[in-house]
Number of protein chains: 2
Amino acid sequence: MGDEPGLRERKKQRTRQALSDTAIELFLKRGFDQVSVADVAAAVEVSKPTLFRYFPTKEDLALDRIADHQGEAARVVSGRTAGQSPLGALRAHFHERLEAHDPVTGLNDNAIVRAFNDMLYTTPSLLARLVRYSHRDEELLAGALEETGGSGGLTARLAAAQIITVHQRLAEENWRKLASGRTVADALPEAHADADRAYDLLGAGLMEQYA
Amino acid sequence: MGDEPGLRERKKQRTRQALSDTAIELFLKRGFDQVSVADVAAAVEVSKPTLFRYFPTKEDLALDRIADHQGEAARVVSGRTAGQSPLGALRAHFHERLEAHDPVTGLNDNAIVRAFNDMLYTTPSLLARLVRYSHRDEELLAGALEETGGSGGLTARLAAAQIITVHQRLAEENWRKLASGRTVADALPEAHADADRAYDLLGAGLMEQYA
DNA sequence: GCCGAAAACGCAACCGAGTAACAAAAGATT
DNA sequence: AATCTTTTGTTACTCGGTTGCGTTTTCGGC
């Protein structure tokens, strides 16, 4: 019953990791569009078809590093402490991530993370792929919300869509702050305030402002 | 000072139209991925580079027909009657479009429109391109909302993002209804109810349900 | 330790989207 | 009619992604 991965599996993991690492390194150094998949394959000493056996598209090659965040929002809702509301849990979690300078919040000035975010937000095809990822996130979140017995399926889907969208815009806003040269320390209080503003809006609706 | 379009301009318009029409016809008949841009160019008796001088990507070629809806939400807000709230104007407008069976609502069972929507929602690259269109829509709407003096820039952007997202989900929901074989007449009342539900949610927030 | 089945890989050729360079044609201008 | 400008066609190329096929590598049972 020795259930260790086995040699084959370990090699695959290593190849996969090498591809992702090398790709990101090259992308950050020369720019996403200035690096061909053939370049990456050559650098890892692997054939082009092999590369595509690991990653379905060039974009996935670049986004692998953030793919494990899949379903985070759903997990936060499902795993919230008793007596906590879904929205409350999400809000608290976002503030936590902000405090931890989690790259997903857009608020992180590690050089590599910043370069990565810059690449993300300035490369249309990556942004498009990212949208597909968040679409999956949205479905998962909708599922989790429906579990709470809150309301019908449509309501859950609408709520999930709004929440995921707002997260994206908050991250984008934070990235913009840093892109204009500010430091994390400087922008952090504002980021918290923005998040509160966003969650107040999500919770209480747009009526006060726009009706 | 005769300012009529001139022969050259007229020819260009006609070529552009022919490209879009022929492309959509072929796409609907054989499927987006089963038609190459070379096929379209050949059918219009135009060279491939010429085609790309009119449409930057294959996707734009397919989406040209719906491109004129750009900025509709923003126009509704800017052009609302005095005393009407932005949210109220958008809600009323959506109900109107629903009643008119406007394709943008997803609720239209004309054979061609349905085939077009099916193509849209089942072709990832088209969906991705559509996302970019709505991103522009969102910016325009955010601008219009800011004009109303409602609130700060971030609030306007968040509100715009939520509104556009909700529109998309409503259209998707309506498309789903028809895709499962129902008729417009049958689904229309539900679609109105869904829209009201969505706008209630937008206006009053998610608090009642999820907090 | 050996051997057969699977899995993974490399190679080479291919397809389709999109672009560049330059020459040819057609509309506009005087 | 001669000229200038805009648009077009041709050819050839790059790059992302796929396919077919033969070869190597690992795994499992013996």
Side-chain angles (χ1 to χ4, degrees), chain A residues 1-20 22-24 26-27 30-64 119 123-130 132, chain B residues 1-20 22-24 26-27 30-64 119 123-130 132:
Chain A
M1 289 172 197
D3 230 317
E4 294 114 56
L7 177 55
R8 227 223 274 297
E9 205 56 32
R10 266 179 293 153
K11 273 198 168 183
K12 274 175 56 176
Q13 298 292 357
R14 234 179 302 148
T15 302
R16 183 190 173 82
Q17 198 61 43
L19 282 170
S20 171
T22 307
I24 292 180
L26 291 178
F27 291 158
R30 312 213 306 260
F32 185 75
D33 294 321
Q34 276 62 56
V35 177
S36 76
V37 292
D39 292 339
V40 178
V44 184
E45 294 186 297
V46 154
S47 75
K48 202 167 54 143
T50 295
L51 185 155
F52 281 110
R53 278 180 203 117
Y54 284 91
F55 297 93
T57 73
K58 186 186 182 185
E59 286 75 31
D60 291 296
L61 195 51
L63 297 178
D64 183 56
M119 173 176 82
T123 309
S125 68
L126 285 178
L127 228 33
R129 194 73 185 177
L130 203 56
R132 296 199 47 189
Chain B
M1 291 159 206
D3 232 317
E4 294 113 54
L7 177 55
R8 199 189 250 141
E9 202 58 31
R10 267 179 292 151
K11 275 200 165 181
K12 274 175 55 174
Q13 300 291 358
R14 237 179 301 150
T15 302
R16 183 190 172 82
Q17 198 61 43
L19 281 171
S20 170
T22 307
I24 292 180
L26 291 178
F27 291 158
R30 312 213 305 261
F32 185 76
D33 294 320
Q34 276 62 57
V35 178
S36 75
V37 291
D39 292 339
V40 177
V44 183
E45 293 184 302
V46 154
S47 74
K48 202 167 54 142
T50 295
L51 184 153
F52 281 110
R53 279 178 203 119
Y54 283 92
F55 297 93
T57 73
K58 185 185 182 186
E59 286 74 31
D60 290 297
L61 193 51
L63 297 178
D64 183 56
M119 173 175 82
T123 309
S125 68
L126 286 178
L127 228 34
R129 194 74 185 176
L130 204 56
R132 296 197 48 186

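Heavy atoms only: backbone and side chains are in, while hydrogens, waters and symmetry mates are out.
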- Task: Identify the residue among B:Thr22, B:Leu61, B:Leu26 that makes a side-chain contact (heavy atoms from CB on, under 4.5 Å) with B:Val35.
- Result: B:Leu26

- Query: Please give, in whole Å, the distance from C:dA7 P to A:Gln13 CD?
  - Reply: 17 Å

- Note on the structure: Ranking D:dT19, C:dC9, C:dA17 by distance to the side chain of A:Thr50, first place goes to C:dC9

- Message: Taking any heavy-atom pair under 4.0 Å as a contact, classify B:Ser47: base, sugar-phosphate, or nothing.
- Response: base

- Query: D:dG16 C1' sits how many Å from A:Gln34 CD, rounded?
  - Reply: 15 Å

- Per atom distances to the B:Val37 side chain, the nearest of D:dT25, D:dG16, C:dA17 is C:dA17

- N/O donor-acceptor pair under 3.5 Å between A:Asp39 side chain and A:Ser36 backbone: yes

- Message: Which is more 5' along DNA chain C, the nucleotide nearest B:Glu9 or the one nearest B:Val35? Just name the residue.
- Response: B:Val35

- Query: Which heavy atom in A:Lys58 sits nearest to a heavy atom in A:Phe52, and how many Å separate them?
  - Reply: N-CE2, 4.4 Å

- Message: In this structure, how many angstroms lie between the P atom of D:dT8 and the NZ atom of B:Lys12, rounded?
- Response: 7 Å

- Message: What is the separation between atom CZ on A:Arg10 and atom C1' on D:dT25, rounded to the nearest whole Å?
- Response: 14 Å

- Check every atom of C:dA17, D:dT18, C:dC9 against the side chain of B:Phe52 and return the nucleotide holding the closest atom. C:dA17

- Over 12 non-hydrogen atoms of neighbours within 6.0 angstrom of CD in B:Glu45: no

- Whole-Å distance separating the CZ atom of B:Arg14 from the P atom of D:dT7: 15 Å

- How many angstroms lie between atom CG of B:Leu63 and atom CG of B:Leu130, to the nearest 0.5 angstrom? 6.0 Å

- Here the distance between atom P of C:dA8 and atom CG of A:Leu51, to the nearest Å, is 16 Å

- Query: How far does CD1 of A:Ile24 sit from CG of A:Asp64, to the nearest 0.5 angstrom?
  - Reply: 7.0 Å

- Task: Would you please confirm or rule out a distance under 4.0 Å between OP1 or OP2 of C:dG10 and any side-chain N or O of A:Lys48?
- Result: no

- Query: From C:dG10, C:dG27, D:dG16, pick the nucleotide closest to the side chain of B:Arg8?
  - Reply: C:dG27

- Measure the distance from CZ on B:Arg129 to P on C:dA17 and round it to the nearest whole Å. 15 Å

- Near DNA chain D, which residues from residues 53-64 of chain B have a heavy atom under 4.0 Å away? B:Arg53, B:Tyr54

- Base, sugar-phosphate alone, or nothing: which one does A:Glu45 contact when heavy atoms must sit under 4.0 Å apart? sugar-phosphate

- Message: For A:Lys11, is there any backbone N or O sitting under 3.5 Å from a side-chain donor or acceptor partner on A:Thr15?
- Response: yes

- Message: Please report the distance, rounded to the nearest Å, between CZ in A:Arg16 and P in C:dA7.
- Response: 19 Å

